[in-house]
Amino acid sequence: MQVVPYKKEGYQLLHDGAICFSEMHQHGIHIDSKHLKGEYKRLKKEISNLSKLLESHEEVKIWKRKYKDNFSFESDVQLSDILFKELHYEPTKFTKIGNPSVDKEALSALHSSFTDRLLKLRFYSKIQNTYLKSLIEETCNGYIHPFLNLQTARTYRSSGSFPNVQNQPIRDAEAGEIIRKAFIPREGRLLVGVDYGGIEVKTAALYHQDPTMLGYLRNPEEADMHADFACLIFKLDDLDTNNSGENKLRKATKNSFTFPQFYGDYYKNNATVFWEWLQFSGKKIKRNEGPVIRNDITIGQHLINKGIKNFDQFVKHIKKVEHDMWNKRFPVYSKWKDKHYKEYLKNRFVTILSGFVCQGAMGKNDVINYPIQGLAFHCLLWSCIRLNKLLKKYKMKTKLIFQIHDEIVADVVPEELDDYLELLKQVMVEDLKTHWDFINVPLEIEVKKSEVDGNWFNMEKTMTYIN
DNA sequence: GGAACTCGCCAC
DNA sequence: AAACGTGGCGAGTTCC
């Protein structure tokens, strides 16, 4: 599989992008070394305490007896051997090549104090070895200078390395706090992050032009796609986003159904993920389970009232919603996917609107996803290049420092903050649409900022802007 | 002692 | 018929 620019425009984008990223690389990110070293020490102690506690478990005694000097808590091979061969636990999950899995899900399923403790150790070890350690190693005179690569991803997205700034923890609050507090602005400055809202859904629409989807994107005040799907899935007449339980259902729908469907997932997986989200304990739905919705009833009770009493019935229902999604709600999107894939089978390549060709052996999901994902990133790349040029042109001291696919982070001088925000609006929302006139949906940016001398963990939402 | 592999897990 | 897209990286393991 190969991706190449096929228009001069595509080539130019990468050329300018490489220069821009190399300047961001030179700018570097200010790092709180004291915080890093303190946390590293703290976790070392934490891990050592957990190790000691683990020694008392029967499983570890057997493990150590068998592996002697080679024993390691980090060895999945050893762990798998002890649990499933020595102790004869029943595996619930298997790896790609068919070995019993010892990932988080598999270990949690064993419900033992030993595996719970081991998972905790593994979590701290991940933070320590993957994040703290590499940040400490890469820090030079108080700064890291991470690489942002344009030559590696099949989709012509970017990647990051030494260290990879694109996968720093955030979803887990504890890990996020430990790591992101180390990312700080230059003295007397603040960090400002800006990201494009829903950019992949929008770039998809630029290809398929489904009228229903265009409607959602053009009327964000009146139409809410995720809420609409939540209503279908949970058999609700409408959804009240001010009700916290119902808002949870909307979020679960977005993460367990709508987005996975766009990436090419299917109803059976969706249903399984929903079960986790809703925290349903067994196959049979119980009256007292799940988030509480209006009139103080649980979603468990509500589903039972609507005739969905167990997992199998729920799966069948999701299958129906999936069918409705692609055949009734988004038939034009659906037809585009088929047509686009057939064209690939005929030509053996597909093009990206920003001026690239994807060619070679690809699966159906790849053929559909690459042009969408690539173009979404190219929107950000174009903005990065333009912003960087204008900051230099206006002789501003504010610097772009890194980028995460649909987000740009800058180190901002407080006196320049308002000007920088204006630049963001102008470039990311207005100028990009002029540059690529095929963008016929509104663009939206969301801006977060830290305090002056703050950090990347404590970011506060400051502005959204839609055109 | 390094290359290539597996597995697990972090991000968008 | 098939079944979630893109990456980086650490630790352990195996092979040469």
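Just so it is clear: chains get the letters A, B, ... in the order the sequence lines come, proteins before strands, and each one is counted from 1.
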Treating primed atoms plus P, OP1 and OP2 as sugar-phosphate and everything else as base, which nucleotides of nucleotides 5-12 of chain B get B, S or - for protein heavy atoms under 4.0 Å?
-SSBBBSB
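A heavy atom closer than 4.0 Å to some atom of DNA chain C occurs in no member of residues 20-54 of chain A.
In this structure, the OH atom of Y124(A) is 19 Å from the P atom of dA11(C), given to the nearest Å. The separation between N365(A) atom CG and dA2(C) atom C1' is 9 Å, rounded to whole Å. N149(A) places its CG atom 14 Å from the C1' atom of dT6(C), with the value rounded to the nearest Å. Spacing between atom CD of E138(A) and atom P of dG8(C) amounts to 15 Å, rounded to whole angstrom units.
When heavy atoms are screened at a 4.0 angstrom cut-off, K133(A) is found touching the sugar-phosphate backbone but no base atom. Within 4.0 Å of G160(A), counting heavy atoms only, lie sugar-phosphate atoms of the nucleic acid but no base atom. Here S72(A) lies in heavy-atom contact (under 4.0 Å) with sugar-phosphate atoms only. If you check every strand for non-hydrogen atoms under 4.0 Å, D195(A) touches nothing. F94(A) comes within 4.0 angstrom of no nucleic acid atom, judged by non-hydrogen atoms across all strands.
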Report, one pair per line, the protein and nucleotides 14-16 of chain C atoms (nitrogen or oxygen only) whose separation is under 3.5 Å.
none

Listed pairs, N/O of protein and of nucleotides 1-4 of chain B, under 3.5 Å:
none

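Defined by atom type and a distance below 3.5 Å, a donor-acceptor pair is missing between the side-chain atoms of Y344(A) and H340(A). Under 3.5 Å, the side chains of R157(A) and Y370(A) contain no donor-acceptor pair of N or O atoms. A donor atom on one side chain and an acceptor atom on the other are found under 3.5 Å apart for Q403(A) and S158(A). Side-chain atoms of N369(A) and N365(A) form no donor-acceptor pair, as typed in the model, at a separation below 3.5 Å.
Annotation: salt bridge (charged side-chain N to carboxylate O under 4.0 Å, His left out) contacts of D172(A) (sequence neighbours excluded): none. Scored by the side chain to side chain contact (heavy atoms under 4.5 Å, CB included) test, K335(A) finds no partners at all (sequence neighbours excluded).
Each of dG12(C), dC4(C), dT6(C) was ranked by its minimum atom distance to the side chain of S75(A); first place goes to dG12(C).
For K342(A) and D338(A), the salt-bridge test fails: no basic side-chain N is under 4.0 Å from an acidic carboxylate O. The pair D81(A)-K66(A) meets the salt-bridge criterion, since a charged nitrogen lies less than 4.0 angstrom from a carboxylate oxygen.
Taking the six-membered ring where the residue is Trp, the centroids of Y333(A) and F262(A) are separated by under 6.0 Å.
Considering all non-hydrogen atoms of both residues, K268(A) and T272(A) come closest at O-OG1, 2.9 Å.
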